[in-house]
Undergrad: 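This is the structure I want to talk about, given as structure tokens.
All figures in this text were calculated on a predicted structure; none of them were measured in a lab. Per chain, numbering begins at 1; letters A, B, ... match sequence-line order.
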Number of protein chains: 2
Amino acid sequence: MRELVCEARMKLRDENYRLTRQREAIFEVLARQPRVHFTAQEIHDVTREKHQMGLSTVYRTLAILEEIGLIRKLDVGDGVSRYEFDGGDASPHCHLVCLRCGGVMEASCPAPEEMQVILRADRFKIYDQSMVFFGFCQGCTESPSALVGGQR
Amino acid sequence: MRELVCEARMKLRDENYRLTRQREAIFEVLARQPRVHFTAQEIHDVTREKHQMGLSTVYRTLAILEEIGLIRKLDVGDGVSRYEFDGGDASPHCHLVCLRCGGVMEASCPAPEEMQVILRADRFKIYDQSMVFFGFCQGCTESPSALVGGQR
DNA sequence: TTAGATGCAAAGGCTTTGCAATTCT
DNA sequence: AGAATTGCAAAGCCTTTGCATCTAA
């Protein structure tokens, strides 16, 4: 986690952005649980406890972090954007959304180049991908009686 | 196309929904170009030319059509929902979004059960999927000079 | 010092909802 | 006739923007 924060600091400087306490607070939240996919509102709720923080600052900071490639915006189709650290060279991954508990998990998946082959999409040059799968996570599968009428 | 409209009519009746001219107009638009992915606004613009039609009726009808499984909502992450006929038994497909012209195309892809194998996701039971790929379509690839600074 | 960043409130864009009027059955 | 459906306007959400104030460098 420390490395993630350091990386973010350096990257911000490199790109000529200032290091403010708000920005630090935001990427600390993201770095503390790199596998969690926070919404802007959630980040705001957490950071607000310790620092003065406006929701618009959260959005503006997330836009910057996304632009310089530190984080990725994730959209699972529920109308709210989520954000996660972008592993950069890390292995490509997709997201698993549980229809019952609403949890969002990660799973590794083929890289765009491989998907291009799998899809036989030879007339479209793929650079990026977003793969979201809906179903039931292990915990929710183990209590099948409750599966009826899950959320979403 | 005729069959699609008939199917929609029958399904609506089966589910105890009334057959109104507004609803007919809406699924006629969707059926006329089954491979196009319309936004609610676009459907409204088209149907309004010939019938009285409120935007809220479009949204309400689309919600019903989606609920009874006639159409699918598609989200490519630009904040607007698109709708397409749900082939039902048709082959599963994904969407290709061109970063330059904004066009949304379809491509066939592995079914959820196959993706489950490809992902080796044995702790998550996949029932549905949404795969969106971003890149450049053939037409836009052929004029590479214009690729710099595409939209989105 | 001063350009950049922040917070607040207002505005935007898409979608949903309340309600009286209308229209299928 | 009677319940479902519609259109309009208003409200809801999430996100962005304008602007005066503040702050990192």
Undergrad: What is the separation between atom CZ on Phe38(A) and atom P on dT15(D), rounded to the nearest whole Å?
TA: 16 Å
Undergrad: Could you state the OH-P distance from Tyr17(A) to dA25(D), rounded to the nearest angstrom?
TA: 15 Å
Undergrad: Between atom CD1 in Ile64(B) and atom P in dA4(D), what is the gap in whole Å?
TA: 12 Å
Undergrad: Without swapping roles, check the side chain of Thr57(A) against the backbone of Met53(A) for a donor-acceptor pair under 3.5 Å.
TA: no
Undergrad: Rounding to a whole Å, what distance do you find between Leu62(B):CG and dT16(C):C1'?
TA: 13 Å
Undergrad: Collect all protein-nucleotide pairs involving nucleotides 1-3 of chain C in which both atoms are nitrogen or oxygen and the distance is under 3.5 Å.
TA:
residue: dA3(C); atom: N3; partner: Arg18(A); partner atom: NH1; Å: 3.4
residue: dA3(C); atom: N3; partner: Arg18(A); partner atom: NH2; Å: 3.1

Undergrad: Using the side chain to side chain contact (heavy atoms under 4.5 Å, CB included) criterion, which residues pair with Gln33(B)? Sequence neighbours excluded.
TA: Val36(B), Phe38(B)
Undergrad: I want to confirm an ordering. Mapping Leu19(B) and Thr61(A) to their closest nucleotides on DNA chain C, which one lands closer to the 5' end?
TA: Thr61(A)
Undergrad: Can you sort out the partners of Glu67(A) under side chain to side chain contact (heavy atoms under 4.5 Å, CB included), two or more places apart, ordered by chain and number?
TA: Tyr17(A)
Undergrad: Whether Arg21(B) contacts dC24(C) is assessed here as follows: a side-chain N or O lying under 4.0 Å from the phosphate OP1 or OP2. Is that the case?
TA: yes
Undergrad: Are OP1 or OP2 of dG7(C) and a side-chain N or O of Gln22(A) less than 4.0 angstrom apart?
TA: yes
Undergrad: What integer distance in Å separates Arg82(B):CZ from dT15(C):P?
TA: 10 Å
Undergrad: Using the side chain to side chain contact (heavy atoms under 4.5 Å, CB included) criterion, which residues pair with Arg18(A)? Sequence neighbours excluded.
TA: Thr20(A), Arg23(A)
Undergrad: Strictly below 4.0 Å: does Thr20(A) bring a side-chain N or O up to OP1 or OP2 of dT6(C)?
TA: yes
Undergrad: Once side-chain hydrogen bond (donor to acceptor under 3.5 Å, both in side chains) is applied, do any residues pair with Arg123(B), and if so which ones, sequence neighbours excluded?
TA: none
Undergrad: Given atom CG of Asp78(B) and atom P of dT15(D), what is their separation to the nearest angstrom?
TA: 14 Å
Undergrad: To the nearest 0.5 Å, what is the distance between SG (Cys94(B)) and CE (Met131(A))?
TA: 9.0 Å
Undergrad: Please tell me if Thr57(A) has a side-chain N or O lying less than 4.0 Å from either OP1 or OP2 of dG7(C).
TA: yes
Undergrad: Can we call the ring centroids of Phe136(B) and Tyr127(A) under 6.0 Å apart?
TA: yes
Undergrad: Show each protein N/O and nucleotides 8-14 of chain C N/O combination with a separation under 3.5 Å, one pair to a line.
TA:
residue: dC8(C); atom: N4; partner: Ser56(A); partner atom: OG; Å: 3.1

Undergrad: Can you tell me the distance, in whole Å, between the CD1 atom of Ile26(A) and the C1' atom of dT6(C)?
TA: 11 Å
Undergrad: Measure CD/Glu42(A) against P/dC13(D) and give the value in whole Å, please.
TA: 16 Å
Undergrad: Tell me, do Glu106(A) and His95(A) make a side-chain contact under 4.5 Å, heavy atoms counted?
TA: yes
Undergrad: Taking atom CZ of Arg13(B) as the centre, report whether more than 12 heavy atoms of other residues, nucleotides or ligands fall under 6.0 Å from it.
TA: no
